[in-house]
Protein chains: 2
Amino acid sequence: MPAGDRELKATKNRSIKTDGEKPLGGLRQVAAIAGVSTATVSRVVNRPETVSEALRKRVEMVVDQLGWIPNGAARALSSNRTGAIGAIFPALALGDFARAIDAMQDALAERNFLLLLARSQYDADLEFNLARKMVERGVDGLVLVGKTRTEGYEQFLSKAEIPYVNTFVYDDTAKRPCIGPDNAQAMESLVDYLVSLGHKRFGMIAQTTRNNDRAAARREGVRTALARHGLAIPPESIVEGQWSIEEGRMLFRRIVKADPLPTALICGNSLLAVGAVLEASELGIEIPKKMSIVGYDDIELMAELPVPITTVRVASDEVGRVAARTIADLVDRKPHIAGERIPSEIIIRASTGKPRED
Amino acid sequence: MPAGDRELKATKNRSIKTDGEKPLGGLRQVAAIAGVSTATVSRVVNRPETVSEALRKRVEMVVDQLGWIPNGAARALSSNRTGAIGAIFPALALGDFARAIDAMQDALAERNFLLLLARSQYDADLEFNLARKMVERGVDGLVLVGKTRTEGYEQFLSKAEIPYVNTFVYDDTAKRPCIGPDNAQAMESLVDYLVSLGHKRFGMIAQTTRNNDRAAARREGVRTALARHGLAIPPESIVEGQWSIEEGRMLFRRIVKADPLPTALICGNSLLAVGAVLEASELGIEIPKKMSIVGYDDIELMAELPVPITTVRVASDEVGRVAARTIADLVDRKPHIAGERIPSEIIIRASTGKPRED
DNA sequence: CTGAAAGCGCTTACAG
DNA sequence: CTGAAAGCGCTTACAG
């Protein structure tokens, strides 16, 4: 019956049975074999509770037997929902981010979202680009880091009407939910702690603040707290790097050129602190006897070095969990929080102590 | 003209001008404003070279002005292509994987694919699940780690007709392209090197081989090479862990209970090696004078410790780059390689030397 | 080079 | 609880 086949192909295929040579495929085949409408199959898959027990079982059997996997594109096109959340992080392997990502993926899975990750390398253009691609490809929401972006980027996000949250920053005046520590406050506490030990001469190996409002806030926090105590870091005792041990070492060699030497050195992140401590030991500068050193972000290594390093620990897994919950709520149009200040604490280890007397 | 509106809505909307209150939106609106067909707009976006200069410019202006972003779901549904490659890694922050991921994302972007990442925590069920979700959501291809999977998983992949590559393993007999180092061979070389220094008593802090055929191959490589030299590791000198400094420390304490002490200790990965070296220094065991220690996978830290650690360095960025190229070729139905053996080398540092004489 | 129109595989009001 | 059918927003033979 070639003529019949033609017609099947040309008009909408309405046959219930699939005896022809053209396999139906997909949901329609499932419906045909189960002897139900495509609507019913769809309901069984998406809202099984709305379907009678008998039909549900029949359809589920056929689905299993055929190994049918719904076509996500078709589903997304008709439901206007992809089930995916995109997240763009500056880096995936840095301590804080890695912990947040792990927690976020699990939390999103519980809400039945798939997490799609990309890394932007602290490159604003690349981030914008990735966001465009993700939106274009189809994500229901976005998890971003920081709250500072170009106007074009902001406009794009609002024009695309895509929900998003800002992470690793906290700001209760922001338009979008911010979920993160109070970066400035965390550093102020750290400075207060050092001042309470008696330190007056500070140095800093800062993390570059380019495309990084968290680092900028932390730097500002240091400045504020010192000013509150009537202190300041002399220009020659501030250097700037990114995030590697090697850099920490190199910059530490610059720091020790200052005379008088700072008694306390604040490092902008964990790797810079590790580098500084390792270089100090190589130079025979005893830590903390000659100098106290602190970092930011707690990675395992900091606790394991011969001189464990005092640092700020952010509950990054909580950042990930709350971000997941919030973006899922936004997408599901459920009530959601306006933001959350994630706690951070100072982990005191052996790299800090009273200043030397000289 | 409410009746007109009704009709616009009920029948297919064919009006060229968009004066009604219902905005057209999307590609159709672009077409209407530019005064061309939707086919032309689609061509301008996807294959601009097939469209005349004049029309192309006109359409591009409208696209820019409207800020139109194509709907990925619709595009995927009609073109049967999503433009995304999914990658599932056991972890995203481990040295080798992190480097591969970075290189892969960039290489895929050049081929106009978006990389979507997920991490499986060395959990076979979770990985299968993530693969299902990715396929269901829509990816054109998959990058996986290792070559061992359950039959169900294999069947799913072939049934879904989704191209994929295996990474961090090399096997020229495998059905799918394998792109990675020869794990066994790498370890054999490392053992040969240690033997050439004169070592005869070995210990091992192995990485668990559960859901990890790379670790299994490396362990087998150690066994093979030792056997070739008529050597073997006594059971009490083999312990097993995952990948943390803390574990490396703890397991090292088990290793040093053996009598006689091994003169050379092989660690299954970088963090275990770091832990071992740090613990040795804490126990006052001089490295390499009392014991040589080696690791696998070269992370920055290994070069920066007081005693830099000899290890195997895999060109992981090359793994990422070649994997990207291969999966893109597969998806684009271009000629592709059958696999590639990625080079690895032994990086000799201060943690290895001649065995002690006792 | 360009357009008219079918169709990709689902979901979802709507009606019963 | 279930089904018939429209429609989601693109791409792509096909025809000119």
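Scope of the values below: all heavy atoms of this structure, side chains included, with no hydrogens, waters or symmetry mates. Letters go in sequence order (proteins before strands), and every chain restarts at 1. For clarity, every value in this text was computed on a predicted model and none was experimentally measured.
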Report task. Figure out the CZ/P separation between R81(B) and dT11(D), and round it to whole Å. Result -> 12 Å
Between side-chain atoms of residues 134-141 of chain A and protein atoms elsewhere (two or more places apart, or another chain), which donor-acceptor pairs fall under 3.5 Å?
unit_1, atom_1, unit_2, atom_2, d
E136(A), OE2, R75(B), NH1, 3.3
R137(A), NE, T82(B), O, 3.1
R137(A), NH2, G138(B), O, 2.9
D140(A), OD1, T82(A), N, 2.8
D140(A), OD1, T82(A), OG1, 3.1
D140(A), OD2, T82(A), N, 3.2
D140(A), OD2, G83(A), N, 2.6

**Report entry** Of R176(A), R149(A), K147(A), the residue whose pairing with N166(A) passes side chain to side chain donor-acceptor pair (under 3.5 Å)
**Finding:** R149(A)
Query raised in the report: Within this structure, what is the CD-to-C1' distance between Q29(B) and dC10(D), rounded to whole angstrom?
Result: 15 Å
Query raised in the report: Rounding to a whole Å, what distance do you find between R28(A):CZ and dC10(C):C1'?
Result: 10 Å
**Report entry** Spacing between R58(A) atom CZ and dT2(D) atom C1', to the nearest angstrom
**Finding:** 11 Å
Query - Cationic N near anionic O, under 4.0 Å, R321(B) to D102(B) - result: no
Please write out the pairs of protein N or O atoms and N or O atoms of nucleotides 12-14 of chain D separated by less than 3.5 Å, giving the distance to one decimal.
unit_1, atom_1, unit_2, atom_2, d
dA13(D), N6, R43(B), NH2, 3.3

Report summary line: Closest of dC10(C), dC10(D), dT2(D) to the L27(A) side chain is dC10(C)
Query raised in the report: Which residue lies toward the 5' end of DNA chain D, V45(B) or E53(A), if each is placed at its nearest nucleotide?
Result: E53(A)
Query - Any pair counted as ring pair (Phe, Tyr, Trp, His ring centres under 6.0 Å), so long as it reaches residues 101-125 of chain A, sequence neighbours left out - result: Y122(A)-W243(A)
**Report entry** Residues which pass salt bridge (charged side-chain N to carboxylate O under 4.0 Å, His left out) with R132(A), listed by chain and number, not counting sequence neighbours
**Finding:** none
Query raised in the report: What is the distance, rounded to the nearest whole Å, between atom CG of N80(B) and atom P of dA6(C)?
Result: 21 Å
Query - Nearest-angstrom distance from the residue atom CG of N71(A) to P of dC10(C) - result: 5 Å
Query raised in the report: Is a side-chain donor or acceptor of R99(B) paired with a backbone partner of D317(B) at a separation under 3.5 angstrom?
Result: no
Report task. State the dot-bracket string of DNA chain C. Criteria: Watson-Crick or G-U wobble, both atom distances under 3.5 angstrom; notation: ( ) intrastrand, [ ] crossing earlier pairs, | interstrand, . unpaired. Result -> |||.||||||||.|||
Query raised in the report: Would you say the side-chain atoms of S42(B) pair up with the backbone N or O of T38(B), donor to acceptor, closer than 3.5 Å?
Result: no
Query raised in the report: With E53(A), which residues qualify under salt bridge (charged side-chain N to carboxylate O under 4.0 Å, His left out), at least two apart?
Result: R56(A), K57(A)
Requested in this report: Using atom CD of E136(A) as one end and atom P of dC10(D) as the other, report the distance to the nearest whole Å.
Outcome: 10 Å
Requested in this report: Find which nucleotide of DNA chain C each of S52(B) and L77(B) is nearest to by heavy atoms, and output the residue with the more 5' nucleotide.
Outcome: S52(B)
Query - D329(A): which of R111(A), H336(A), K334(A) passes side chain to side chain donor-acceptor pair (under 3.5 Å) - result: R111(A)
Requested in this report: Take atom C1' in dT12(D) and the same atom in dG16(D), then report the distance between them in whole Å.
Outcome: 16 Å
**Report entry** Nucleotide of dG3(D), dT11(C), dC10(D) approaching R75(A) most closely (side-chain heavy atoms)
**Finding:** dT11(C)
